[in-house]
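Each residue takes its place number in the sequence, starting with 1. Atoms within each ligand, like the ligands themselves, are counted from 1 in listed order.
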Amino acid sequence: MRIVLLGPPASGKGTQADQLTGRLAIPKISTGDMLRAAKSSGSELGREVAAIMERGGLVSDDIVIRLVDERLNQADAAQGFVLDGFPRTVAQAQSLDELLRGRKAKLDSVLSIEVDRSLLVERATLRRMDKRTGQIYHLKYNPPPPGAELVHRADDQEETVGRRLDEYDRMTAALGPYYERLGLLRRVDGVGSPAEVTERVLKALG
Ligand code: AMP
């Protein structure tokens, strides 16, 4: 299955992508994770994108499209994938269509995880990541175990979260209608426990 997960920052997209990876045996392709890895490796690409990411802006379409193109060439993505955080613009969505057409493949489903803005801000500002394991916690709803080495992503600070949500609304709002026209879009209520949302996601996938 080839799936795209849409949803604003802190909507739980990443968590649901992980669930789908396990249940459907397909890799998760997260442009955010790839860019963060580039940033922490200190590569040329990483240095190029660091400042943009820290202020919550969007990295250029060219860069993320190239990353996805390279990732789709890896063997594990041949039979399916769940894309998390890509596409974010209509230009990226069109490029994805082309990348897949070139591989004689197409998307099966686009799920949009929907959560109110006030809840998103609370989720992001209380979100923490264990820097050793990459595991995500929430200080209120999913507290970390003792000994976790927690970091608060720079782009999860309250002011930046507001900017990322504005950016999401501005650029990504057109993606819903784009995929709706293609008959691929399914909306999923993202409010509830991660397990509840996973149930809805699986139901939406049929
Ligand atoms: P995420 O983990 O998906 O929230 O991504 C973290 C940051 O990486 C975003 O705030 C952007 O700066 C950048 N990024 C990730 N995916 C994309 C994309 N598809 N297009 C542009 N920028 C992206």
Side-chain angles (χ1 to χ4, degrees), residues 2-18 20-21 27-41 43 45-72 77 81-100 107 110-115 117 119-131 133-138 151-176 178-179 190:
R2 296 180 180 85
I3 302 165
V4 165
L5 279 185
L6 298 180
S11 60
K13 256 187 340 261
T15 305
Q16 296 306 324
D18 288 338
L20 291 178
T21 292
K28 160 169 129 171
I29 301 183
S30 158
T31 42
D33 285 350
M34 288 192 269
L35 291 166
R36 273 186 291 279
K39 224 177 108 187
S40 45
S41 78
S43 66
L45 168 68
R47 289 196 301 275
E48 201 179 324
V49 299
I52 301 172
M53 290 177 72
E54 268 153 37
R55 50 165 204 274
L58 285 185
V59 171
S60 79
D61 287 344
D62 287 356
I63 290 179
V64 288
I65 290 163
R66 197 179 67 223
L67 283 177
V68 171
D69 189 13
E70 286 167 6
R71 183 63 186 84
L72 289 177
F81 51 76
V82 49
L83 272 168
D84 164 17
F86 181 95
R88 265 176 159 90
T89 64
V90 171
Q92 292 179 15
Q94 289 166 336
S95 297
L96 176 62
D97 290 345
E98 270 167 44
L99 293 179
L100 292 177
L107 289 176
V110 177
L111 301 178
S112 170
I113 313 257
E114 319 233 309
V115 180
R117 185 173 175 124
L119 190 57
L120 293 172
V121 173
E122 194 206 57
R123 278 192 188 172
T125 52
L126 294 180
R127 177 159 73 171
R128 297 292 182 277
M129 186 174 77
D130 186 323
K131 70 174 181 200
T133 62
Q135 183 67 43
I136 305 288
Y137 298 99
H138 185 284
V151 291
H152 191 194
R153 275 169 48 175
D155 60 357
D156 273 347
Q157 315 287 333
E158 188 158 355
E159 197 192 313
T160 316
V161 170
R163 213 174 306 131
R164 288 168 68 206
L165 290 173
D166 291 343
E167 188 80 46
Y168 179 83
D169 286 343
R170 197 167 62 82
M171 306 285 287
T172 315
L175 282 181
Y178 178 87
Y179 284 124

If you define the side chain from C-beta out and look only at heavy atoms, does anything of [X] sit under 4.5 Å from [Y]?
X: F81; Y: R2; result: yes
X: F86; Y: L67; result: no
X: I29; Y: V82; result: no
X: E167; Y: R88; result: no

> So, does G57 sit close enough to ligand 1 that a heavy atom of it is under 4.0 Å from the ligand?
Replying inline: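 Flag set, G57 near ligand 1.
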Please indicate whether any nitrogen or oxygen in [X] is less than 3.5 Å from any nitrogen or oxygen in ligand 1.
X: I52; value: no
X: D84; value: no
X: M53; value: no
X: L58; value: no
X: D155; value: no
X: R164; value: yes

> What part of V64 sits under 4.0 Å from ligand 1 if we count only heavy atoms: the side chain, the backbone, both or neither?
Replying inline: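 The side chain, only.
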> When you measure from atom 22 (N) of ligand 1 to every protein heavy atom, which one gives the shortest distance, and what is it?
Replying inline: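 Here the nearest protein heavy atom works out to V59 N, 3.0 Å.
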>> Please list the nearest protein heavy atom to atom 14 (N) of ligand 1 with its residue and the distance rounded to 0.1 Å.
In response: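 Among all protein heavy atoms, the one nearest atom 14 (N) of ligand 1 is L35 CD1, 3.5 Å.
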> For D156, which of R163, R128, R127, R123 qualifies under salt bridge (Lys or Arg N to Asp or Glu O under 4.0 Å)?
Replying inline: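 For D156, the salt bridge (Lys or Arg N to Asp or Glu O under 4.0 Å) check succeeds only for R127.
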> Of the non-hydrogen atoms in G190 and I113, which two are nearest, and what is the gap between them?
Replying inline: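 In this case the closest contact between G190 and I113 is CA-CG2, 3.7 Å.
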> For the residue pair L58 and T89, what are the closest heavy atoms and their distance?
Replying inline: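 For L58 and T89, the tightest heavy-atom pair comes out as CD1-CG2, 4.0 Å.
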> Out of R55, R88, R153, K13, whose heavy atom sits nearest atom 3 (O) of ligand 1?
Replying inline: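 Checking each option, the heavy atom nearest atom 3 (O) of ligand 1 is found in R88.
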>> Given E54, K39, Q92, R36, identify the one with the heavy atom nearest to atom 6 (C) of ligand 1.
In response: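 Among E54, K39, Q92, R36, the closest heavy atom to atom 6 (C) of ligand 1 belongs to R36.
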>> Among residues at least two apart in sequence or on other chains, which ones pass ring-ring contact (aromatic ring centres under 6.0 Å, His included) with H138?
In response: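 With neighbours one apart ignored, the set is Y141.
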